[in-house]
Amino acid sequence: MPLSLLRHIAACNNTPSLDHLLPFRLGGAEAGRVAPGLAEALAGRVEGFRLGREGLEMAEALDSPESRSAALAEAGRALAAEGWLRVRGEMFDIRAAAEGPVLGRLDRGAIPAFGVIGHGVHLNGLVRRRDGLHVWVGVRSRSKAVAPGQLDNLVGGGVSAGLTPEATLLKEAEEEASIPPALAARARRVGRVSYVLTLPEGLRRDVLHLFDLELPEDFTPAPHDDEVERFELWPARRLLECVRETEAVKFNVNLVLIDLFLREGLIPPDSAEGRALRAGLDQGVGAPPDGGRYF
């Protein structure tokens, strides 16, 4: 009997409640969730943070994104020195809601520790042949800390501070797969998925912005950095079987591919399975309002 694709959605949504975490508030809004131990490590020891009745709070005097970002940078360094996190040198915007205004900036390595929303982009590279749809997949480097050697999308990456998903896509497409900007710019924004995942390093509340790029048969992507070992062109039905029957695909990429299979009709979207999968993909911090769709 085929395995349920819903297991991949459940694996990315392993946090039914956030009650074991304390709210992290800045600018009067709850922007994240933190472990009680982390809150205690900051409160009273790093200027601008205090532990109050509503959780870990930044001082009201820090009333601009710039002042909050400076305090958060100091907090990140202090927490890294005590082993709470690893500073990565790449800044992400902090928002209380997926579409909200920027409240400050935080090092990417601290995003899970503070439980703030993280945005990323994922690109499906599609080739339509006479025998059906084919999809480019990347084989991740075996030296990667996360999902070494597993299958990945053609392009994927986090949305750095100040960038839009579209700008991130163009940057990552050239860096990861040697896709020229003029070709990458043809990508269509097709939707997004989100999830809430607890990991040893903290809470991931991720929103993934999804793009499709129709590629000519004579184009072959090439690795341009050390993220991917190689790219392979798979028939879409073979890839669906791989997602359904194995654990060979990176955890969150399974969700991106399930979305693709639903949109392309490889999984009937109006079937009981299709409806359950769509509901699972549309949950989390990036859920569309009133049960609708963004695209």
*Asks:* L170: which other cluster members, linking ILVMFWY side chains closer than 4.5 Å, directly or transitively?
*Replies:* none
*Asks:* By the side chain to side chain donor-acceptor pair (under 3.5 Å) test, which pairs, at least two apart or in different chains, include something from residues 38-48?
*Replies:* R45-E82
*Asks:* Listed by chain and number, what are the side-chain hydrogen bond (donor to acceptor under 3.5 Å, both in side chains) partners of R25, not counting sequence neighbours?
*Replies:* E54
*Asks:* Going by atom types only, do Y195 and N13 share a side-chain donor-acceptor pair under 3.5 Å?
*Replies:* no
*Asks:* Through direct or indirect side-chain contacts below 4.5 angstrom among Ile, Leu, Val, Met, Phe, Trp and Tyr, which residues connect to L163?
*Replies:* V121, L123, V127, W136, L154, V155, V159, L169, I179, L183, F211, L213, L215, F219, V228, F231, L233
*Asks:* May I ask you to decide whether R238 forms a salt bridge with E232, counting only side-chain N to carboxylate O separations under 4.0 Å?
*Replies:* no
*Asks:* Verify the cluster assignment for L208 and L197: are they in a single hydrophobic cluster under the rule of side-chain heavy atoms below 4.5 Å apart?
*Replies:* yes
*Asks:* Do the side chains of I111 and V193 join up, straight or via other hydrophobic residues, at under 4.5 Å, putting them in one cluster?
*Replies:* no
*Asks:* Show me the donor-acceptor pairs, under 3.5 Å and distance only, between side chains in residues 55-73 and residues at least two apart or in other chains.
*Replies:*
residue: E57; atom: OE1; partner: R50; partner atom: NE; Å: 3.3
residue: E57; atom: OE1; partner: R50; partner atom: NH2; Å: 2.8
residue: S64; atom: OG; partner: S67; partner atom: N; Å: 3.1
residue: S64; atom: OG; partner: S67; partner atom: OG; Å: 3.1
residue: S67; atom: OG; partner: D63; partner atom: N; Å: 3.4
residue: S67; atom: OG; partner: S64; partner atom: N; Å: 3.2
residue: S67; atom: OG; partner: S64; partner atom: O; Å: 3.0
residue: R68; atom: NE; partner: L62; partner atom: O; Å: 3.0
residue: R68; atom: NH1; partner: L103; partner atom: O; Å: 2.8
residue: S69; atom: OG; partner: P65; partner atom: O; Å: 2.6
residue: S69; atom: OG; partner: R105; partner atom: N; Å: 2.8

*Asks:* Under the salt bridge (Lys or Arg N to Asp or Glu O under 4.0 Å) test against E217, which residue among R129, R128, R130 passes?
*Replies:* R129
*Asks:* Hey, does the side chain of D93 reach the backbone of G162 with a donor-acceptor pair shorter than 3.5 angstrom?
*Replies:* yes
*Asks:* When you measure from the side chain of T15 to the backbone N and O of S17, does any donor-acceptor pair fall under 3.5 Å?
*Replies:* no
*Asks:* Under the side chain to side chain donor-acceptor pair (under 3.5 Å) definition, can you give me all pairs with a residue in residues 150-161, not counting sequence neighbours?
*Replies:* E90-S160, H122-N153, N124-N153, R140-D152
*Asks:* Within the side chain of E176, is there an N or O that forms a donor-acceptor pair under 3.5 Å with the backbone of G156?
*Replies:* yes
